[in-house]
Participant: 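Below: one structure in structure tokens.
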Amino acid sequence: MDMQVAKKKLGLKERYALMTRDLGWDTTYQPMNKVFPQAEYEGIKIHDWSKWEDPFRLTMDAYWKYQAEKEKKLYAIIDAYAQNNGHLNVTDARYINAIKLFLNGISPLEYMAHRGFAGVGRQFPGVGTRVACLMQSLDEIRHSQTQIHAMSNYNKYYNGFHDYTTMIQRVWYLSVPRSFFDDAITAGPFEFMIAIGFSFEYVLTNLLFVPFVSGAAYNGDMGTMTFGFSAQSDEARHMTLGLECIKFMLEQDPANVPIVQRWIDKWAWRGYRVLTLVGMMMDYMLPKRVMSWKEAWEIYFEENGGALFNDLARYGIRPPKFLDQIAFDKDHISHQAWGTFYNYAAACNFHSWTPTDDEMDWLSAKYPNSFDKYYRPRLEHWREEAKKGNRFYNKTLPMLCQTCQIPMIFTEPGDPTKICYRESDYKGTKYHFCSDGCKDIFDHEPEKYIQSWLPVHQIYQGNCFNPGVDPTAPGFDALGAVLDYYNMAVGRDNLDFEGSEDQKNFEAWRGMATKNI
Amino acid sequence: MSTVFIALQTNDDTRPIIESIMADNPHARLNEAPAMVKIDAEGKLTVKRESIEERLGREFDLQELHINLISLSGNLDETDDELTLSWNS
Amino acid sequence: MGVAAIKEYVGENKDRLENFHGNQLLYVGWEDHLMFCAPFAFPFPPAMRFGDVIEKVLPGAFGYHPDWAKIDWSKVEWFKSGQPWAPNFAKSLAENGLRHKDVVRFRTPGLTGIKGSCS
Ligand SMILES: [Fe+2]
Ligand SMILES: [Fe+2]
């Protein structure tokens, strides 16, 4: 008789194999390609799903255990922050506006990411991929829920946080992040993995959740620090999933290489355009700055992204298109974006302002090639005019890019004094773009992008007024009617920070927190 | 040679982890930022369970890293004993 | 290829001319004046006089700029889709050959924005 030897606990690799890879089987009542109808139409050829690697080898039991711990930590900090009136410890109330932008613009995308990963997890025939997508889907609904909890705390005290669900669907600038996700979720499962797993996670969240959230901590915002880092602790897994998916496609068949390359080109550009918002948050909206947008871009995109593309070169992948232009533009886009929100402050649910002298000097030092020459003069002019009671509010609607939906604010490659105009004719209609990158994306799939819901055009078509509003009535106030439709309170949510209710309340409450009055 | 990195929150849980990583990877650079650190290393970075356990004085499951991990880059491989990040180029 | 799709796929152009209640879109940009962050989009009837755009509409859009009052309209250079173009102010948009979603830009020689920064 054999001796019973005390069995060692299963190792990570064995546990992962048993608890994940062995879960699947091939269907018998219907052929596999009918059960997974989206697996082939994008042209990606997969010969052996068992070659999929999940390097974290996380099984569901471990997943729940660690996620539960993350949640406990997060809510302990959120509660302490709320109990302690922590919002009054932020550097100054201008800072809160960066969080308005974050929570209104990004948090709804977390929920869409949840739906997206649940969807593609269903569509992939490989079981390892499916389980990884399931976990990411759960992560993403956690992110949206924790961010809603964080938002409810700010919403008790500050304006502009009251209706993100309506705003993400209606407000002009929120169509930029929303359309990014709408584009991704209407693509096939493999493209979705590049759009979100690579572009959104690898390119975007590293810049948003790492230097920006570190900046939130630096500005005394424990609430954002904790939801930000808690979310980002999942992103490490998500980025790894995105990268594994790319490598898997490239290893499975050489015919996949050009398809993957095109998606990398497209989604790097799409992600880069959305990041314009983050650039401006870092350079203009954090009263205490950790690093400039340009520095963050150099570290997280040029250095780390560059390393990734070097690594992928062995498969025949080259870095994304238009990198020269991107490298030139890093001196400009954050300033161009802030100028845009300063222009349209009457139609925003957050406030804008002109930087202080200190802040302008910081910007000059960080952007020696561009700030004093191109951007300081306009900011100083605006500041002078505002002092005279003539604050600039641009009330004429801008021309938008058909692809990224950002107003046409970007400049020609190499010339920051000329707006970049590009156009295409398709089926007898003209379409306009902010850049070669956006035109390229349209030209490849025009039938998709002719459907863009462009906020400016929708307003002119009369689709952005509440029911019962009559735009032909005498003295009709179109902007007021659009803001009603956006559910923005005029004079509270919008306009300059100077003189805002947020500014007054913060001052009064902070005074109460430090004095016996 | 390309750089890999791992970024961690700074708190009581991560102090021994950061120390271990720095001790096990003499070529690594520690970049401190508000509330976080980013550890960069040329080519390759290894996180070893044993070193962390020595400093922690208890058993440590490398998957506990997930709790305080902020971000990373590089190709990842994880076993019971170590987690490595590397680029092939 | 119009799009990658599982079956026949036809998109709907959301900005067809007939959706604009008798108007057509015209985009107008002022070169070297990037204080206005982007070109403007306007809905105009095709029968509108081009001169009326300049005289009645654009002042409301661009008039905040100190350079606006200094423009010598006889010297202005016009571009349509980036190509040199000569509008007739007395004629309508349609007679000037402007169609739905056309884009025109104008350059005002000698005027280069706030402190010459093209702002
Ligand atoms: Fe997320
Ligand atoms: Fe664009």
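Nothing here was measured: the structure is a model prediction, and the numbers come from that model.
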Participant: Quick check on the interface: out of A/E244, A/Q67, A/E69, A/E235, who has the most heavy-atom pairs with chain B under 4.5 Å?
Facilitator: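 Heavy-atom pairs under 4.5 Å are most numerous for A/E69.
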Participant: With no hydrogens and no angle check, do the side chains of A/Y63 and A/D139 hold a donor and an acceptor under 3.5 Å apart?
Facilitator: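 Side-chain D/A pair, A/Y63 to A/D139: present.
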Participant: Between A/F227 and A/F102, is a ring-ring contact (aromatic ring centres under 6.0 Å, His included) present by the stated rule, with each step listed?
Facilitator: CA-CA 12 Å; A/F227 83 67; A/F102 191 126; 5.4 Å; yes
Participant: Report which part of A/V210 has an atom under 4.5 Å of a heavy atom belonging to chain B: side chain, backbone, both, or neither.
Facilitator: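 For A/V210, heavy atoms of backbone and side chain both lie under 4.5 Å from chain B.
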Participant: For B/Q9, which atoms come within 4.5 Å of any heavy atom of chain A: side chain, backbone, both, or neither?
Facilitator: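 For B/Q9, side-chain heavy atoms alone lie under 4.5 Å from chain A.
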Participant: Grab the two heavy atoms, one from B/K44 and one from B/V4, that are nearest each other, plus how far apart they are.
Facilitator: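 Between these two residues, the closest heavy atoms are C-CG2, 3.9 Å.
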Participant: Examine whether an atom of A/T240 lies under 4.5 Å from a heavy atom of chain B, and if so say whether it belongs to the side chain, the backbone or both; otherwise answer neither.
Facilitator: side chain
Participant: So for A/F309, is it side chain, backbone, both, or neither that comes closer than 4.5 Å to the heavy atoms of chain B?
Facilitator: neither
Participant: Mind ranking B/L8, B/D80, B/I70 by heavy-atom pairs under 4.5 Å with chain A and telling me who comes out on top?
Facilitator: B/I70
Participant: Looking just at side-chain N and O atoms, do B/D24 and B/S51 make a donor-acceptor pair shorter than 3.5 Å?
Facilitator: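 There is such a pair between these side chains.
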Participant: Heavy-atom pairs under 4.5 Å with chain B: which of A/M225, A/K73, A/H238, A/K13 has the most?
Facilitator: A/K73
Participant: Between B/D40 and B/N31, does a side-chain hydrogen bond (donor to acceptor under 3.5 Å, both in side chains) hold up when you go through it step by step?
Facilitator: CA-CA 8 Å; B/D40 294 317; B/N31 299 298; 2.6 Å; yes
Participant: Taking the inter-plane angle between the rings of A/Y66 and B/H66 on a 0 to 90° scale, is it parallel (under 30°), tilted (30 to 60°) or perpendicular (over 60°)?
Facilitator: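 The arrangement is tilted - the two ring planes meet at 30° to 60°.
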Participant: Examine whether an atom of A/L58 lies under 4.5 Å from a heavy atom of chain B, and if so say whether it belongs to the side chain, the backbone or both; otherwise answer neither.
Facilitator: both
Participant: Chain B heavy atoms under 4.5 Å from A/L243: which part of the residue, side chain, backbone, both or neither?
Facilitator: side chain
Participant: Pick one of side chain, backbone, both or neither for A/Y16, based on which atoms fall under 4.5 Å of a heavy atom in chain B.
Facilitator: neither
Participant: Which residue in the set A/T224, A/T226, A/N89, A/D221 passes side chain to side chain donor-acceptor pair (under 3.5 Å) when paired with A/Y81?
Facilitator: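 Per the side chain to side chain donor-acceptor pair (under 3.5 Å) rule, the option paired with A/Y81 is A/D221, out of A/T224, A/T226, A/N89, A/D221.
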Participant: What part of B/N11 is in contact with chain A, defined as an atom under 4.5 angstrom from a non-hydrogen atom: side chain, backbone, both or neither?
Facilitator: side chain
Participant: So, are B/R58 and B/E64 salt-bridged, with charged N and O less than 4.0 Å apart?
Facilitator: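 Yes.
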